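Everything on this sheet refers to the single structure shown next.
In this text, all values refer to a predicted model and were calculated from it rather than measured experimentally. Residue indices begin at 1 and follow the sequence shown.
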Amino acid sequence: MDIQKNTMNNNISFLRIRPCDNDNEIYLNSRKKEGTSTFLIKSDVSVNTDNLHNKEFQTVSKDISINSDVWIVTDENWKEFKSVHPKRLIYIFKNNIEIALEVIDRLKPHTILISTNSELQFLKSINSKTNFITSTYVETIEEAIEFANAGVSDLLLRDWSSEQILELQNLEGLNFYERTLLSPVFSIDEAREEFDKERFFRFLKTRNVRGFRRKETSWSPGSGKNIPNLNNFVFNNKSQINHSEIDSILKRVLDGYQINNDDLRVLFNTAGEKINDIANVANELNFLKNGNNVSYVKNRNINYTNQCYYKCGFCGFSKGPNSLNLKEKPYTIDIQEVVERSVEAYDMGASEVCLQGGIHPDYTGEFYLKMVEDIKASVPEMHIHGFTPLEIWQGAETIGLSVEEYLSLLKKAGLNTLPGTAAEILDDRVRKYLCPDKITSSQWAYVMEVAHNLGIKSTATIMFGHIDDIDSWVNHFSLIKNVQSKTNGFTEVVPLPFVHMGSPIYLQGKSMPGPTWDEVVLIHSLARIYFVNSIDNIQASWVKLGHDGAGKLLHAGVNDLGGTLINENISRASGADHGQETTEDQFIQIIESENKNPILRNTLYTKFSETKNTLEKK
């Protein structure tokens with residue numbers, strides 16, 4: 001048997017549950033406001049579970065004929081549930097040892113509900129290979145402490161106020177994190193297999209990437225709303241989780257230790273105030289590397305077409321819904337206009353033009369070559385930062401060249417660097433559902449390795465907050481570091497939070513609504529910590545996070561805010577509310593308001609110049 005491993009680190013989950021007395025709008029809204037996430041369906045009260053589910057509540061009942069998310073198994077009814085997924089079963093242990101042993105071995109229920117300490121101790125002692133967690137109802141703080149110290153895995157909180165829960169979470173030596181009925185019980189992959197469409201979407205909307213309960217806020221990436229009120233970096237989302245290793249890992253990092261993938265997984269899998277500690281360490285490492293300097297680049301983004309024959313579920317750029325007025329009419333900008341926009345950008349002081357677009361069915365590798373040649377012919381000093389590994393792969397394929405041969409031609413034509421997009425999440429287990437026909441993780445990495453070996457450097461990105469998980473984050477970071485160890489060709493890491501509002505995969509009920517703010521802080525901070533000795537620059541995307549979000553991250557390991565962009569359409573097409581351009585004066589204001597020093601850079605971080613404001617102050 002397995003009493004939940006988190007108890008080894010004094011981490012105990014809790015679920016806010018109560019019996020359902022009604023299914024009318026007023027009652028449900030009141031329960032939602034108080035924080036209830038799960039309803040127990042009583043046999044003597046008639047309710048429509050659809051009404052509860054429509055409000056994103058999760059449900060548990062004893063009656064297998066009721067369309068609930070989870071069922072309660074008893075000594076009397078357990079044979080009715082032989083075909084039910086074990087993770088949807090809660091077995092009530094009533095000290096009938098002989099029946100209990102049969103139920104546990106045959107049904108393998110994920111959760112066993114106890115009421116006394118002696119029942120808990122018995123379950124700890126049994127010889128069963130069934131993995132389960134133990135859970136119990138508690139009415140007071142004292143009861144919670146008693147069961148937690150005895151080794152219970154999970155607490156059911158009925159009618160607890162927010163004040164009581166905060167008191168619980170302030171207890172020394174114990175960490176309480178909030179779960180939902182279904183998460184982190186089910187992984188996303190398990191839930192996709194087990195649940196119908198409605199239940200799967202409800203599962204996704206009520207959890208965050210780490211599996212904890214998602215606290216609803218008006219903010220999400222691209223929303224244009226203010227980031228949540230923070231305790232330093234952390235939004236108090238009623239989830240605290242800690243590991244005994246965290247303090248040790250962070251202390252060693254400040255002493256020069258390079259974290260490995262196991263350390264990274266531990267640090268990602270936390271919540272609450274420990275995120276402040278991680279962000280503070282990232283901030284210290286950034287100061288040692290970059291001082292108080294925060295850089296930006298003057299550039300123009302040219303999205304030359306929004307037509308694409310790939311079926312990426314997250315992309316609203318080519319597939320945004322007309323109903324949200326996010327999708328532009330199909331367009332293609334001819335090469336002459338791309339050149340004219342590049343010249344205009346150069347005249348406006350831009351040092352870089354960034355070229356990206358959909359994979360138009362009529363485009364071949366010759367199209368990209370001519371675009372580069374014509375831009376260089378008109379503005380030879382302009383740095384061309386263009387074409388994702390997907391465009392490189394497709395371009396080479398369409399004209400019968402190897403990736404290396406094609407990249408060599410592009411370099412000769414004037415291509416300087418590659419953007420690290422099309423990476424999304426570099427874990428093929430996730431890409432299978434997110435972007436099934438796109439190049440694989442290893443293909444993306446191969447293009448980057450070839451480019452770097454030819455002297456074409458690139459950025460590295462990660463898109464997060466959709467159908468990803470901690471394992472995929474670790475795999476992604478690990479692949480980037482592996483390539484960097486061979487080539488030293490990545491100039492920066494750019495985390496890109498998923499903008500869900502106009503994304504097809506979200507509108508189809510198949511993704512989470514972006515990352516939480518805590519996860520935004522975590523992934524930027526841990527990028528700094530994980531890549532501390534291999535990639536110097538961590539960038540925050542103001543396009544996704546807004547000026548306030550990007551500014552806040554300047555104290556969590558970030559040293560770069562990217563470019564002015566002048567016409568960025570991709571994020572807007574997925575629902576982002578932020579503008580298509582940030583002026584130099586706005587960049588300076590963001591940076592200086594965070595007591596940092598603004599520095600204008602070139603694409604490769606090899607040339608820097610202080611702003612007029614900074615020079616005047618000196």
Side-chain angles (χ1 to χ4, degrees), residues 227-237 240 242-243 245-259 263-264 266-296 460 462 464 473 477 480-481 491-497 515-542 544-562 587-599 601 605 608 614:
I227 58 177
N229 291 328
L230 304 174
N231 172 16
N232 198 356
F233 294 102
V234 177
F235 176 61
N236 184 4
N237 65 353
Q240 303 283 353
N242 190 12
H243 297 277
E245 306 101 308
I246 287 181
D247 291 340
S248 172
I249 292 170
L250 294 179
K251 182 180 183 302
R252 284 183 288 152
V253 164
L254 290 174
D255 292 335
Y257 172 68
Q258 173 63 64
I259 67 172
D263 299 327
L264 181 63
V266 168
L267 295 173
F268 270 140
N269 190 34
T270 192
E273 293 182 355
K274 275 298 163 189
I275 294 175
N276 288 335
D277 297 340
I278 292 171
N280 288 335
V281 168
N283 193 45
E284 288 192 47
L285 294 179
N286 180 44
F287 182 77
L288 291 173
K289 184 78 66 176
N290 299 297
N292 270 322
N293 293 336
V294 175
S295 55
Y296 64 93
I462 176 173
F464 62 105
W473 289 357
F477 273 34
I480 296 297
K481 180 178 278 188
T491 55
E492 71 232 63
V493 176
V494 191
L496 300 172
T516 62
W517 173 254
D518 287 6
E519 289 164 341
V520 170
V521 175
L522 261 179
I523 209 159
H524 285 82
S525 298
L526 288 174
R528 169 62 64 193
I529 292 171
Y530 186 76
F531 295 109
V532 64
N533 295 319
S534 54
I535 303 176
D536 291 345
N537 304 295
I538 308 299
Q539 183 184 120
S541 171
W542 63 264
K544 315 287 186 183
L545 295 167
H547 291 172
D548 62 336
K552 187 70 178 175
L553 293 173
L554 297 181
H555 304 283
V558 166
N559 71 297
D560 187 77
L561 293 180
F587 269 134
I588 293 170
Q589 182 180 10
I590 295 165
I591 296 165
E592 291 185 340
S593 68
E594 300 296 336
N595 296 314
K596 299 283 187 175
N597 182 37
I599 297 287
R601 65 168 172 88
Y605 297 83
F608 300 90
T614 304

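The line from CG of L250 to CG of L267 is 5.5 Å long, rounded to the nearest 0.5 Å. For the atom pair CZ of F287 and CG of N293, the computed distance is 9.5 Å after rounding to the nearest 0.5 Å. Note that CG of L285 and CG of N559 are 12.0 Å apart. Values are rounded to the nearest 0.5 Å. Rounding to the nearest 0.5 angstrom, the gap separating the OH atom in Y530 from the CD1 atom in I523 is 12.5 Å. Here the CG-CD distance, from L526 to E519, works out to 12.0 Å after rounding to the nearest 0.5 Å. H547 contributes atom NE2, which lies 10.5 Å from atom CD1 of I591 (distance to the nearest 0.5 angstrom).
Nearest heavy-atom pair, P598 versus Y296, reported as atom, atom and distance to 0.1 Å: CB-CE2, 4.3 Å. In this structure, S525 and A556 approach most closely via the heavy-atom pair OG-O, 3.2 Å. A pairwise comparison of heavy atoms in G272 and D518 identifies N-OD2, 4.5 Å as the closest pair. Heavy atoms only, all atoms of each residue included: L553 and A540 are closest at CD1-CB, 4.1 Å. L561 and A550 make their closest contact through CD2-CB, 3.9 Å (heavy atoms, listed as atom of the first residue, atom of the second, distance). Nearest heavy-atom pair across V532 and K289 is O-NZ, 3.3 Å.
A donor-acceptor pair is defined here as one N or O able to donate and one able to accept, closer than 3.5 Å; no such pair exists between the side chain of N597 and the backbone of N292. Formation of a donor-acceptor pair under 3.5 Å by the K481 side chain with backbone atoms of S534 is not found in this model. Panel note: side chain D548, backbone I227; a donor-acceptor pair is recorded below 3.5 Å. N283 places no side-chain N or O within donor-acceptor distance of the main-chain N or O of A279, the cut-off being under 3.5 Å.
Here the side chains of N537 and R601 are not in contact, with every heavy-atom distance at 4.5 Å or above. Put simply, the side chain of I529 does not reach to within 4.5 Å of the side chain of L264, judged on heavy atoms. Two residues are said to be in side-chain contact when any heavy atoms from C-beta on lie closer than 4.5 Å; I535 and I480 meet this criterion.
Not counting sequence neighbours, F464 has no partner by the ring-ring contact (aromatic ring centres under 6.0 Å, His included) test. Among residues two or more places apart in sequence or in another chain, the ring-ring contact (aromatic ring centres under 6.0 Å, His included) test is passed with Y605 by none. Looking at residues two or more places apart in sequence or on another chain, you find a side chain to side chain contact (heavy atoms under 4.5 Å, CB included) between K251 and D255. Contacts of Q258 classified as side-chain hydrogen bond (donor to acceptor under 3.5 Å, both in side chains), with partners at least two apart in sequence or in another chain: N533. S295 pairs by the side-chain hydrogen bond (donor to acceptor under 3.5 Å, both in side chains) definition with D560, not counting sequence neighbours. Shown here are the side chain to side chain contact (heavy atoms under 4.5 Å, CB included) partners of A527, two or more places apart in sequence or in another chain: F477, V493, F531, I538. Shown here are the side chain to side chain contact (heavy atoms under 4.5 Å, CB included) partners of S593, two or more places apart in sequence or in another chain: there are none. The side chain to side chain contact (heavy atoms under 4.5 Å, CB included) check on E594 picks up L554, H555, K596, with sequence neighbours excluded. Take D263 and apply the salt bridge (charged side-chain N to carboxylate O under 4.0 Å, His left out) test, not counting sequence neighbours, and it matches no residue.
The only option from N276, D277, T270 that meets the side chain to side chain donor-acceptor pair (under 3.5 Å) definition with K274 turns out to be D277.
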*Give the C-alpha distance, both sets of side-chain angles, the deciding distance and a yes or no for side chain to side chain contact (heavy atoms under 4.5 Å, CB included) between I246 and V266.*
CA-CA 7 Å; I246 287 181; V266 168; 3.9 Å; yes
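Legend: salt bridge (charged side-chain N to carboxylate O under 4.0 Å, His left out) pairs involving residues 520-531, not counting sequence neighbours: none detected.
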